Protein chains: 2
Amino acid sequence: MLRIGAFASLNKVSVKTLRYYDEVGLLKPAHIDEQTGYRYYSASQLPLLHRILMLRDFGFTLQQIGTLVAGEQADRIIVAMLEQRAREIEEAIRAEQDQLSRIRALTHGIRSGFARTAGALEVLVKEVPALRVLSLRDTLPDYDQQGRLWEELIGYVQLHGVPVGAAIALYGEAEGGDGGDPSASGVAIEVALPLAPEDPVPPDGGGGRIRVRTLAAVREMACVIQRGGQAEMTQAYAALQDWMERGGRVPSGPGREVHHVGFKDTLDVSEHVTEIQIPISVREVPADATERSH
Amino acid sequence: MLRIGAFASLNKVSVKTLRYYDEVGLLKPAHIDEQTGYRYYSASQLPLLHRILMLRDFGFTLQQIGTLVAGEQADRIIVAMLEQRAREIEEAIRAEQDQLSRIRALTHGIRSGFARTAGALEVLVKEVPALRVLSLRDTLPDYDQQGRLWEELIGYVQLHGVPVGAAIALYGEAEGGDGGDPSASGVAIEVALPLAPEDPVPPDGGGGRIRVRTLAAVREMACVIQRGGQAEMTQAYAALQDWMERGGRVPSGPGREVHHVGFKDTLDVSEHVTEIQIPISVREVPADATERSH
DNA sequence: TGTTGACTCTCCTCCGACGGGAGGGATTAT
DNA sequence: ATAATCCCTCCCGTCGGAGGAGAGTCAACA
């Protein structure tokens, strides 16, 4: 019979740990003195402790270890548990490698000078939910003309007075919609205002140009938030582009600009806060791309 | 000014999280209503929140994030922190790959039948400290003859009545010692009994055959604990051998057998508890081995 | 004007696997 | 007898929030 300190030193565990394992019922001492409360362990408990420590080393929780060492049919499930745990570790390794690549992309961005001026410090991958919006789409000669679209849309909502929330602009090919004329020269631009999910649909307006639709949810959206006007935005786009290339990501849909603080809030451009959102996916190998294009 | 719920939904964080960040001083609301206690956030705080979430996503603690977003000279240290964090993640990945290889070694051991009978479920890598022992070394024709050494050593200690603790046998080449004759046919065996660190050295005994020495500490010791007698031990050795090969480990010193419960405690062999300890190192590439052999 | 219903507040407990320490009894060696 | 060591129980802290209780606030609707 060994006292707790001697038993602990045999396997380089702490006395606290043994007391805790007693408390949670994982490893009860062979005997406890009723007068003094002293715990006495037997050397024949060493194999059990050994097994517990090994499973702990594998990363199992003490609860899992409890089922693995106590159950009568533990032998039957231990292989399954080990394989499950192996999959978990593989998943964790993948996640950490991903983390690492994001960190490296950022450090490179800072070194090459994109970062502090262009807000690359705030590239964040997040999920965005679907969003019901009132939208107006058109193809214009260049980006700077979108003010006309905004005036048209805002004029319409002021007539009916419904929406709230940040203004959103979408650029590039239509996202499941049919507005605009892709064959026309110029750029496709869609301006949108969020609608509450259960708001009644306002009457058809603007000669059918203004529609209610739902922006698709995006599972992985690369986002940069930027203060300031057009010059800063251009830099932010450059930084985001660099970030995507460096991390092996490609855009998987039309980009968005969310104007959290925009002209409707203040005319001072330096106060504006704009979020650039680009849906991304991991770059696929050519073989995969070929599969798709056929 | 946004209420907490609106601000939270902009970035898919929970209200609880924002309240917690307020509490720890990481992100204070732009305004708090003194009457009601309501927190109001400004859209211009979005870049800060964004940065915080990105750093959280990188795995920094909130405390680290606090220094990175609050400090005046945060720009100067952020690159260093990122590189430090990258090293930490690399280290974590290495550790997890190691875990994975140990798990795979064990699942293979179970599948190939070593495990349940041979105690392979208890292979554990641990550190063992240096140990002062009273030791007797000799070269004998085979392992079964070691009983003679034990009798000689135990007879000696009963005369002087000092040591306590588990009996230890060491097999193979001398570990810094000079006992035995390596050129003789047979196997080198050392039997030892632990001595308290400050025990006085007993007088020279057994015609100089019994010495006091210190077993070296071992940083990585592969251990199996086994109940039973010689048949079980042989299987345990086989399992341990298989485990080492599978995990790319090679022995880096003489193996030990620690008799936690042995003949001195009970004659019933099935009650015996023996720990096999083999110092290991990761298998080296030939280049490294060549370096050493010169 | 009252009444919902959604939102928000503070305060409390809980999670895992122990570590640190206070305050007090037990054992062992001098 | 005394000192040193060991052991006990009990309580608090870790990290980043989640969950819930009980109460107050806000906006819209009848």
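Note that the structure is a prediction, hence the values are computed from the model and not measured. Chain letters run A, B, ... following the sequence lines, proteins first, then strands; residues in each count from 1.
- Ion pair D98(A)/R94(A) not flagged as a salt bridge, since none of the NZ, NE, NH1 or NH2 atoms sits closer than 4.0 Å to an Asp/Glu carboxylate oxygen.
- The phosphate of dG16(D) (OP1 or OP2) has no side-chain N or O of S14(B) nearer than 4.0 angstrom.
- Put simply, CD on Q63(B) is 16 Å from C1' on dG17(D), counting in whole angstrom units.
- Nearest to the side-chain atoms of R19(A) among the listed nucleotides dG17(D), dA17(C), dC7(D) stands dC7(D).
- Distances shown here put a side-chain N or O of R39(A) below 4.0 Å from the OP1 or OP2 atom of dT9(D).
- Checked against dT9(D), dG21(C), dG24(D), the side chain of Y38(B) finds its nearest nucleotide in dG24(D).
- The nearest whole Å value for the distance from the CD atom in E23(A) to the P atom in dA17(C) is 12 Å.
- The CD1-C1' distance, from I32(A) to dA26(C), rounds to 16 Å in whole Å.
- Note on Y40(A): nothing from the nucleic acid sits closer than 4.0 angstrom, heavy atoms only.
- Neither OP1 nor OP2 of dT14(D) sits under 4.0 Å from any side-chain N or O of T61(B).
- A salt bridge links E90(A) to R104(B): at least one charged side-chain nitrogen sits closer than 4.0 Å to a carboxylate oxygen.
- Side chain of T36(B), nearest nucleotide from dG17(D), dC18(C), dT25(D): dT25(D).
- The residues E220(B) and R102(B) are annotated as not salt-bridged, no charged nitrogen and carboxylate oxygen being separated by less than 4.0 angstrom.
- Interface remark: the K16(B) side chain does not form any donor-acceptor pair with the dG16(D) base, using a distance-only criterion of under 3.5 Å.
- Distances shorter than 4.0 Å separate some side-chain N or O of Y21(B) from OP1 or OP2 on dG17(D).
- The distance from atom OH of Y20(B) to atom P of dA18(D) is 11 Å, rounded to the nearest whole Å.
- Taking atom CD of Q35(A) as the reference point, atom P of dT27(C) lies 9 Å away to the nearest angstrom.
- We find that CG of D33(A) is positioned 11 Å from C1' of dC8(D), with the value rounded to whole Å.
- Side-chain contact, R87(A) with Q84(A): a donor N or O sits under 3.5 Å from an acceptor N or O.
- Remark: P of dG16(C) and CD1 of I52(A) are 17 Å apart, rounded to the nearest angstrom.
- Protein atom CG of L27(B) is 15 Å distant from nucleotide atom C1' of dG17(D), rounded to whole Å.
- Note on E275(B) versus K126(B): salt bridge recorded, some NZ/NE/NH1/NH2 to OD/OE distance being below 4.0 Å.
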